[in-house]
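See structure below.
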Amino acid sequence: SSPDMDNNAPGSGGKGGFGSLFGGSEYSNTELAGVPLTGMSPLSPYLNVDPRYLVQDTDEFILPTGASKTRGRFELAFFTIGGCCITGAAFGTVNGLRMGLKDTREMGWTKPRNVQILNMVTRQGASWANTLGSVALLYSVFGVAIEKARGAEDDINTVAAGTLTGMLFKSTGGLKGVARGGLVGLALSGAYALYSNWDHIRGGSSSSLY
């Protein structure tokens, strides 16, 4: 056969064939093997993008202009109020069951005893849920108001909101009740602020030693 026919035969390594009819050229696997690679990750033949740049080490979110990456007090208020209501209902249910069993221990397992225990459980559950929910509502309202007034979010807002919540919650008990409620709120909010910053305090104290 002639050399031209050998060059145009399928599977040959020449530049003929259908590609030559349209002005193009064919490349063998040997020629394509010289494409440079970036490390061990080959470049995409379609997008020409290094896959390593598509891997993100940290989460990225699209936030509105001026928005914070952490939740504010207003967003956390709903979680706080709901969590306190559920916690109060659970604690009241257990306490009501304990009180119902104690008050009706002289009675047999009859229908009147079951009804009395059920009434005690529902009454205590609703009472504790209402109490803790009211405290959480007052704390959240004071926290949001103080944050908006000061224009800052720190532990001062937490302690101030806790103190004002205790004072207002016990305001029906007179000046002594207000003072007692304020001290309880100050102690609880101060303990929470200390607990939330405990790692930072320990890190600062340990670094000062060295």
Side-chain angles (χ1 to χ4, degrees), residues 59 61 67-150 152-205:
D59 296 333
F61 303 95
S68 176
K69 293 185 178 181
T70 59
R71 295 181 179 179
R73 286 186 177 269
F74 184 77
E75 290 81 5
L76 293 176
F78 301 98
F79 171 77
T80 303
I81 297 172
C84 288
C85 288
I86 295 175
T87 303
F91 179 79
T93 299
V94 175
N95 187 43
L97 180 61
R98 180 188 64 83
M99 294 176 60
L101 292 175
K102 182 179 179 180
D103 295 341
T104 60
R105 58 186 176 184
E106 301 297 335
M107 303 172 58
W109 286 103
T110 58
K111 186 176 181 179
R113 184 186 184 187
N114 297 336
V115 172
Q116 187 172 353
I117 293 175
L118 182 61
N119 292 336
M120 187 68 67
V121 168
T122 55
R123 189 181 302 114
Q124 289 293 317
S127 177
W128 278 97
N130 185 29
T131 300
L132 292 185
S134 300
V135 172
L137 177 61
L138 293 176
Y139 173 78
S140 300
V141 169
F142 280 126
V144 172
I146 295 174
E147 179 185 4
K148 296 299 181 182
R150 297 183 63 242
E153 171 55 30
D154 49 21
D155 295 330
I156 297 178
N157 298 345
T158 301
V159 176
T163 304
L164 293 176
T165 299
M167 294 174 63
L168 184 59
F169 187 76
K170 289 296 184 179
S171 60
T172 57
L175 294 178
K176 292 184 178 180
V178 171
R180 191 179 300 111
L183 289 177
V184 173
L186 177 62
L188 292 178
S189 58
Y192 173 76
L194 182 63
Y195 172 76
S196 60
N197 294 282
W198 183 249
D199 294 336
H200 179 70
I201 295 174
R202 290 186 59 185
S205 61

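Because only heavy atoms are used, hydrogens play no part in the values below, and waters and symmetry mates are left out as well, while side chains stay in. Worth saying up front: this structure is predicted, and the values here are computed from it rather than measured.
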Within the side chain of N95, is there an N or O that forms a donor-acceptor pair under 3.5 Å with the backbone of F91?
no

Validation row: Q116, T104 side chains within 4.5 angstrom (heavy atoms)
yes

Any side-chain heavy-atom pair of L97 and M120 under 4.5 Å:
no

Closest contact, heavy atoms only, A129 versus C85:
CB-O, 3.5 Å

Output the distance between atom CG (N197) and atom CG (D155), rounded to the nearest 0.5 Å.
4.5 Å

If you round to the nearest 0.5 Å, how far is NZ of K148 from CZ of F74?
8.5 Å

Can you tell me how far apart OG1 (T122) and CD1 (I117) are? Round to the nearest 0.5 Å.
12.0 Å

Any donor-acceptor pair under 3.5 Å linking the side chain of N119 with the backbone of V115?
yes

Please find the pair of heavy atoms, one from T158 and one from Y139, that lie closest to each other, and give the distance.
CG2-OH, 3.3 Å

Closest contact, heavy atoms only, N157 versus A152:
ND2-O, 2.6 Å

Between atom OG1 of T80 and atom CD of E75, what is the distance when rounded to the nearest 0.5 Å?
11.0 Å

I'd like to know if the side chain of S127 reaches the main chain of Q124, judged simply by a donor and an acceptor atom lying under 3.5 Å from each other, with no hydrogens or angles considered.
no

Within the structure provided, determine whether I146 and L164 are in side-chain contact (heavy-atom separation under 4.5 Å).
yes

Between Y192 and V159, is any pair of side-chain heavy atoms under 4.5 Å apart?
no

If you take all heavy atoms of L168 and L138, which pair is closest and at what distance?
CD2-CD2, 3.7 Å

Which pair of heavy atoms, one from G96 and one from V121, lies closest together, and at what distance?
C-CG2, 3.8 Å

First locate atom CG of L132, then atom CD1 of I81, and finally report the distance between them rounded to the nearest 0.5 Å.
12.5 Å

S140 side chain to L137 main-chain N or O, any donor-acceptor pair under 3.5 Å?
no

Smallest heavy-atom separation, R113 atom then L101 atom, equals NH2-O, 3.8 Å

Interatomic distance, CD@E147 vs CZ@F142, rounded to 0.5 Å, equals 15.5 Å

